[in-house]
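Would you mind keeping the following structure in view while I ask a few things?
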Protein chains: 2
Amino acid sequence: MTGADAQQPPREASVDVIQRELTAFARRARAAAARVHPELPLVSYTLLAHIEEQRGCRATDLAAHYLLDKSTVSRQLAGLEKLGFVERRPAPDDHRVQVLHPTEAGAKVLAAAQTSRLAAYQERLKDWSADDLAGFAAYLLRYNAAGTSGLPDQHR
Amino acid sequence: MTGADAQQPPREASVDVIQRELTAFARRARAAAARVHPELPLVSYTLLAHIEEQRGCRATDLAAHYLLDKSTVSRQLAGLEKLGFVERRPAPDDHRVQVLHPTEAGAKVLAAAQTSRLAAYQERLKDWSADDLAGFAAYLLRYNAAGTSGLPDQHR
DNA sequence: ACTTTCGGTTGTATAGTACAACGGTTCTTT
DNA sequence: AAAGAACCGTTGTACTATACAACCGAAAGT
């Protein structure tokens, strides 16, 4: 063990913990999200956030990015549109696609949801040191980044 | 900025990243789990694992632990029982409760699911150093532990 | 004994999702 | 240019996970 001090846990044990804890988190996530901002269902929230970040994207992009079926995305978007949170504009060059944009109301609601969501996390993480927060954030980024490349061939 | 060395990311930024990345993870978790072990739906898997760990627990315990409605647990258990993976034994002392135990088939299927699940994680994390794995695991434990106490008063 | 509490099931409703079939568009190939 | 393939999105259908509310039977409190 590289001569370091003894308590280096075996890789397997750590992986097992990671697996368990991520699973535990996932199980709770939806309910938790619903509590934080009941107005904007979790998935809609996520999609809307992505649409805003990307400043105009297509439904297919969303489906690919989130590993969702296009029908799912289609319905989610229908919901968001019904709520008046997104707008679809036909693309001039390609008549098949519709470019998605948040409406003003959508942007507003998204900002509110993000704020309360962030506040909830701030609260939960209030006892963490800045270093630990940075470390945790970095690990999560790394973990998720690994996932988005090696996709199960399902979406190619 | 507080005079410390420059590259300490502000807490807010880290929290925001954490929030985003955990959300991203949660969104994918179900689909991913379904791919890893299609035979045992995610929640059933989780419940079954808990039943085994606890070596006999009640439906209510599961509901409390996972923040699920008892009706949800009831139906999940019905499914598991139908599949022949759990057994309910009436408690001798209290005639209301039924103590849950995995059947042999349940234990077998659970072990298989755990194995493939763990393998998937091992694969995904294969490039991580043991130190990073340990660190990530520790952060996740800490994060989730924080959540299980301060529960939203919904379940009390 | 009467009421309350507890453990669990069942009825009903909703969100999120997938798969398959389809209708238009655009691109390729001949 | 006509035919076919690939692509974008919608709609029909079905299933899982979930919640809430109403309920039943058993146990505990008074």
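Residue numbering restarts at 1 for every chain, and letters A, B, ... go by the order of the sequence lines.
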Inset, instruction - Nearest-nucleotide wise, let me know which of B/V99 and A/P92 is further upstream toward the 5' end of DNA chain C. - result: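 Its nearest nucleotide being more 5', the pick is B/V99.
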Inset, instruction - Assess whether one donor atom and one acceptor atom, taken from the side chain of B/R88 and the base of C/dT9, lie less than 3.5 Å apart. - result: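 A donor-acceptor contact between them is absent.
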Legend entry - Interatomic distance, A/R89 CZ vs D/dC8 C1' [rounded to whole Å]: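 Interatomic distance, CZ of A/R89 to C1' of D/dC8: 19 Å.
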Legend entry - Rounded distance (Å) that lies between atom P of C/dG16 and atom CG of A/L77: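 These atoms are roughly 12 Å apart.
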Legend entry - From D/dG9, D/dT18, C/dT9, nucleotide with atom closest to B/T72 side chain: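 From the listed options, D/dT18 comes nearest.
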Inset, instruction - Would you mind reporting whether B/Q54 and B/D61 have side-chain heavy atoms less than 4.5 Å apart? - result: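 Sidechains of B/Q54 and B/D61: no contact.
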Inset, instruction - Kindly say whether, by distance alone, the side chain of A/S71 makes a donor-acceptor pair under 3.5 Å with the base of C/dC19? - result: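 Indeed there is one.
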Legend entry - Crowding at CD, B/Q122 (>12 non-hydrogen neighbours, <6.0 Å):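 Atom CD in B/Q122 is crowded, with more than 12 foreign heavy atoms closer than 6.0 Å.
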May I have the list of side-chain donor-acceptor pairs in residues 45-53 of chain A shorter than 3.5 Å, sequence neighbours left out?
residue: A/T46; atom: OG1; partner: A/L42; partner atom: O; Å: 3.0
residue: A/H50; atom: ND1; partner: A/Y66; partner atom: OH; Å: 3.0
residue: A/E53; atom: OE2; partner: B/R20; partner atom: NH1; Å: 2.5

Inset, instruction - Would you mind reading off the distance between B/E81 atom CD and C/dT10 atom P, rounded to a whole angstrom? - result: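 So the CD-P distance, B/E81 to C/dT10, works out to 11 Å.
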Inset, instruction - For the side chain of A/T60, starting at C-beta, report the closest nucleotide among D/dC8, D/dA17, C/dT17. - result: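 Given the options D/dC8, D/dA17, C/dT17, the side chain of A/T60 is closest to D/dC8.
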Inset, instruction - For the side chain of A/V43, starting at C-beta, report the closest nucleotide among D/dC20, D/dT18, C/dG16. - result: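 Of D/dC20, D/dT18, C/dG16, C/dG16 is nearest to the side chain of A/V43.
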Inset, instruction - Calculate the interatomic distance between B/D93 atom CG and D/dA28 atom C1'; express it in whole Å. - result: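 After rounding, the gap between these two atoms is 14 Å.
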Legend entry - Residue list, side chain to side chain donor-acceptor pair (under 3.5 Å) with B/S71, at least two apart or on another chain: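 Residues passing side chain to side chain donor-acceptor pair (under 3.5 Å) with B/S71: B/D69.
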Inset, instruction - Looking at every strand, decide which applies to B/R58 at a 4.0 Å heavy-atom threshold: base, sugar-phosphate, or nothing. - result: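 If one applies the 4.0 Å heavy-atom cut-off, B/R58 turns out to touch the sugar-phosphate alone, with no base involved.
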Inset, instruction - Give a yes or no on whether a donor-acceptor pair under 3.5 Å exists between the nucleobase atoms of D/dT10, that is its base, and the side chain of A/R96. - result: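 Absent.
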Legend entry - Spacing between B/D69 atom CG and D/dA22 atom P, to the nearest angstrom: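 Nearest whole value for this atom pair: 13 Å.
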Inset, instruction - Report yes if the side chains of A/L140 and B/I18 come closer than 4.5 Å at any heavy-atom pair, otherwise no. - result: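 Side-chain contact under 4.5 Å: yes.
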Legend entry - Distance, rounded to the nearest Å, where A/L68 contributes CG and D/dT16 contributes P: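 For the pair A/L68 CG and D/dT16 P, the rounded distance is 19 Å.
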Inset, instruction - Grab the CG-P distance between A/L47 and C/dA15 for me, whole Å please. - result: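 Going from A/L47 (CG) to C/dA15 (P), I get 15 Å.
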Legend entry - side-chain N/O A/Q76 vs C/dG16 OP1/OP2, d < 4.0 Å: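 For C/dG16, OP1 or OP2 has a side-chain N or O of A/Q76 closer than 4.0 Å.
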Legend entry - Distance, rounded to the nearest Å, where B/K70 contributes NZ and C/dC6 contributes P: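 About 10 Å, once rounded to whole Å.
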Inset, instruction - Kindly say whether, by distance alone, the side chain of B/R75 makes a donor-acceptor pair under 3.5 Å with the base of C/dG11? - result: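 Result: at least one qualifying N/O pair found.
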